[in-house]
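Atom set for the values below is all heavy atoms of this structure, side chains included, hydrogens, waters and symmetry mates excluded. These numbers come from a predicted model, not from an experiment.
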Amino acid sequence: MKIVFMGTPEFSVPSLQQLHDSGHDIVGVYTQRPRPAGRGKKERQSPVHAKALSLGLEIRHPASLKSDDTQSEFSALNADIAVVVAYGLLLPPKILKAPRLGCLNIHASLLPRWRGAAPIHRAIMAGDAQTGISIMQMDKGLDTGPVLLMETAEIKSDDTTACLNDRLSVMGAKLIIRAIKNMSNLVVKKQSFDGITYAAKIDKSEARIDWSQTAEVVDRHIRGMSPYPGAWTIYEGERLKCLTSEVIVAQTDRLAAGQVLNDRLEIACADGAIRIKRLQKAGRSAQSADDFMRGATIKAGDQFE
C-alpha cells in the first residue's frame, strides 16, 4: 500500500513504526508543526515528526488542510490510503476523498462511546470497566464513520491515563496492520445510535480535586488526570499535584472531606478515603508518597482544599 500517515503525539508513534516495518510505502507523514516548549520556549518537534525523521520519511506540517494548494499537494501523493492517529487537525472533504481507499482512523475507544478528543481520560474518569481500539473509516462527522475492526481492553483499578494510553497505542498499531491486510474481507459496520458519548477535550479548569465527592470518584479523577494536566489540591496555600492513588477502607464518619487521616497521605472523601501514592510540588519532580513525606510536615487532622 501507498500510505499517507497523519499523527502527532507519542500515542501515534507505534503505528507509524509498525506500518514502516511492515513494508508499506509511506509516501508522506503529516504532523503538527514544531511549537515552543519548555522553559526556554525552544521549538520542539512532535514525537511523530522525530520518528519520521529517524525513518527517513518525507514530513509535512501545514497549519491547516483547508487551502487549495495544500489539498492539491496531498492529492498528488496518489495514496491508496491515509492512516490518521491523533493528528489534531480537521480533515476537509477533499482530503478525506483523496486516497483511493479513503482515510482510516485509529480511535482509542469502543465507538460510539467516547467520540472526541479525550477518550482515554474520560473512560477512566467515568469508571468504565473496559475500553479499546476502533479502526474507523473516516467521514465528515466527529468519529461517526463506520467501524472496520474493534478490540477491547480492560481498564485496571490502578490504571492512569498514561499507562492505559501506552497499552492502547500498541494495540492500535497491531490492529491497523490487520485492518489494512484484510480490508477486502472486513465487514464494515455502521455505528449504533445507542450509547453515544462525547469525550470533550480536557480543560485545566477541571483538574482541581473535589474532596466532597466519593472516594471512588476522587480516585478515578486523579488517575484520569495523570499525567496531564494533573489533578491538584491546595495544602497551606501551596498547590500539590496528585498523580496516582487508591481507594482504601477507612472510618471517616467524623472527618471533614479533604482531612488528612495519618502520615500515609490517606485523605477523607465524602464516603471512605483514598491514599495518594505519587504526587508533585510545583516546580519539583514527582515523588512517591513515602519519599514526599520524609521532607513534609503534613500530619493527621490537616486539611486539603
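Hydrophobic clustering, with ILVMFWY side chains joined whenever heavy atoms are under 4.5 angstrom apart, groups I176 together with V48. Side-chain heavy atoms closer than 4.5 Å link hydrophobic residues (I, L, V, M, F, W, Y) into clusters, and following such links, possibly through other members, connects L16 to F11. Note on M136: it clusters hydrophobically with Y30, by side-chain heavy-atom contacts below 4.5 Å among ILVMFWY residues. When the side chains of ILVMFWY residues are joined at heavy-atom separations under 4.5 Å, either directly or via intervening members, I95 and I3 end up in two distinct hydrophobic clusters. Residue V84 is grouped with residue V147 when hydrophobic side chains (ILVMFWY) are merged at heavy-atom distances under 4.5 angstrom, including chains of intermediate members.
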key: Full working for side chain to side chain contact (heavy atoms under 4.5 Å, CB included) between L168 and T131   = CA-CA 9 Å; L168 292 177; T131 184; 4.0 Å; yes
key: R294 vs D291, salt bridge (Lys or Arg N to Asp or Glu O under 4.0 Å): CA-CA, chis, key distance, verdict   = CA-CA 5 Å; R294 289 190 185 100; D291 288 344; 2.2 Å; yes
request  = Could you please spell out the steps behind the salt bridge (Lys or Arg N to Asp or Glu O under 4.0 Å) verdict for R167 and D159?
outcome  = CA-CA 10 Å; R167 293 209 309 276; D159 269 337; 2.9 Å; yes
ask   = Going through the distances and angles, do E246 and R278 end up as a salt bridge (Lys or Arg N to Asp or Glu O under 4.0 Å)?
value = CA-CA 10 Å; E246 64 182 351; R278 193 167 182 81; over 6 Å; no
request  = Please assess E206 against K201 for the test salt bridge (Lys or Arg N to Asp or Glu O under 4.0 Å), listing each intermediate value before the final yes or no.
outcome  = CA-CA 10 Å; E206 299 178 71; K201 183 178 180 181; over 6 Å; no
request  = Take L110 and T152 through the side chain to side chain contact (heavy atoms under 4.5 Å, CB included) test and state the conclusion after the steps.
outcome  = CA-CA 7 Å; L110 302 176; T152 62; 3.8 Å; yes
task = Under the side chain to side chain donor-acceptor pair (under 3.5 Å) rule, what do D128 and W114 come out as? Steps first, then yes or no, please.
result = CA-CA 11 Å; D128 291 2; W114 301 127; 2.8 Å; yes
key: Step-by-step side chain to side chain donor-acceptor pair (under 3.5 Å) determination, T233 to W211   = CA-CA 9 Å; T233 189; W211 296 105; 3.0 Å; yes
query = side chain to side chain contact (heavy atoms under 4.5 Å, CB included) between V260 and Y235: does it pass, once the steps are laid out?
reply = CA-CA 10 Å; V260 178; Y235 174 71; 5.5 Å; no
inquiry  = Please evaluate residues E266 and I274 with respect to the criterion side chain to side chain contact (heavy atoms under 4.5 Å, CB included), reporting the C-alpha separation (whole Å), side-chain torsions for both, the decisive distance (0.1 Å), and the verdict.
reply    = CA-CA 6 Å; E266 295 174 352; I274 67 154; over 6 Å; no
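The CD atom of Q287 sits 7.0 Å away from atom CZ of F292, with the distance rounded to the nearest 0.5 Å. Rounding to the nearest 0.5 Å places OG of S22 at 12.0 Å from CE of M1. Summarising the geometry, atom OG belonging to S54 is positioned 8.0 Å from atom NE2 belonging to H20; distances are rounded to the nearest 0.5 Å. Here the straight-line distance linking atom CG of L65 with atom CD of Q71 works out to 7.5 Å at 0.5 Å rounding. Separating the CZ atom in R264 from the CD1 atom in I276 is a distance of 12.0 Å, to the nearest 0.5 Å. To the nearest 0.5 angstrom, M125 atom CE is 3.5 Å from M225 atom CE.
Residues I209 and H221 form a side-chain contact, since some pair of their non-hydrogen atoms from C-beta on lies under 4.5 Å apart. Between L265 and L279, some side-chain heavy-atom pair lies under the 4.5 Å cut-off. For the pair K174 and I177, the minimum side-chain heavy-atom distance is 4.5 Å or more. Taking 4.5 Å as the limit, some side-chain heavy atom of V83 sits within range of a side-chain heavy atom of L19. T197 is not listed as a side-chain neighbour of R115, based on a closest heavy-atom distance of 4.5 Å or more. Side-chain contact check for P34 versus H49: some heavy-atom pair is nearer than 4.5 Å. Residues T70 and S64 fail the side-chain proximity criterion, which asks for heavy atoms closer than 4.5 Å. Proximity of M6 to V29: side-chain heavy atoms (C-beta onward) are nowhere separated by under 4.5 Å.
For the pair A268 and L261, the tightest heavy-atom approach, listed with the atom from each and the gap, is N-CD1, 3.3 Å. Of all the heavy atoms in D271 and T214, the pair that sits closest is OD1-CB, 3.1 Å. Shortest non-hydrogen contact noted between A286 and L243 is CB-CD1, 3.6 Å. For A200 against A118, the heavy-atom pair with the smallest separation is O-CB, 3.5 Å. Smallest separation of non-hydrogen atoms from P229 and K241: O-NZ, 3.0 Å. A pairwise comparison of heavy atoms in A108 and P119 identifies O-CB, 3.4 Å as the closest pair.
Salt bridge annotation for K156-E154: absent, with no cationic side-chain nitrogen under 4.0 angstrom from a carboxylate oxygen. The pair R239-E305 does not count as a salt bridge, with every side-chain nitrogen at least 4.0 angstrom from each carboxylate oxygen. A salt bridge links R100 with D80: the closest approach of a Lys/Arg side-chain nitrogen to an acidic carboxylate oxygen falls below 4.0 angstrom.
A side-chain donor-acceptor contact under 3.5 Å links T161 to the backbone of G224. Judged purely by atom type and a 3.5 angstrom limit, D302 uses its side chain to pair as donor or acceptor with the backbone of K299. Listed for the Q280 side chain is a donor-acceptor partner under 3.5 Å among the backbone atoms of R284. Side chain of S169 to backbone of N165: no donor-acceptor contact under 3.5 angstrom is found. Not a single donor-acceptor pair under 3.5 Å links the side chain of S226 to the backbone N or O of T244. In this structure, T8 contributes its side chain and Q32 its backbone to a donor-acceptor pair below 3.5 Å. Side-chain atoms of Q191 do not come within 3.5 Å of backbone N or O of I196 as any donor-acceptor pair. Side chain of Q303 to main chain of A257: a donor-acceptor pair is present (N/O by atom type, distance under 3.5 Å, no hydrogens or angles).
A 6.0 Å sphere centred on NZ of K94 holds no more than 12 heavy atoms belonging to other residues, nucleotides or ligands. The number of heavy-atom neighbours closer than 6.0 Å to CG of D203, taken from other residues, nucleotides and ligands shown, is above 12. Counted within 6.0 Å of CD on Q137, heavy atoms from surrounding residues, nucleotides or ligands total more than 12; the atom is thus considered enclosed.
A donor-acceptor contact closer than 3.5 angstrom links the side chains of S46 and T31. Looking at D139 and T144, their side chains do bring a donor and an acceptor atom within 3.5 Å of each other. Side-chain polar atoms of R35 and Q45 form no donor-acceptor pair below 3.5 angstrom. At a cut-off of 3.5 Å, with distance as the only test, a side-chain donor of H107 or S109 sits close to an acceptor on the other residue. For the 3.5 Å distance criterion, the side chains of S67 and D69 fail to qualify, holding no donor opposite an acceptor.
For D290, the side-chain hydrogen bond (donor to acceptor under 3.5 Å, both in side chains) criterion is met by no residue, not counting sequence neighbours.
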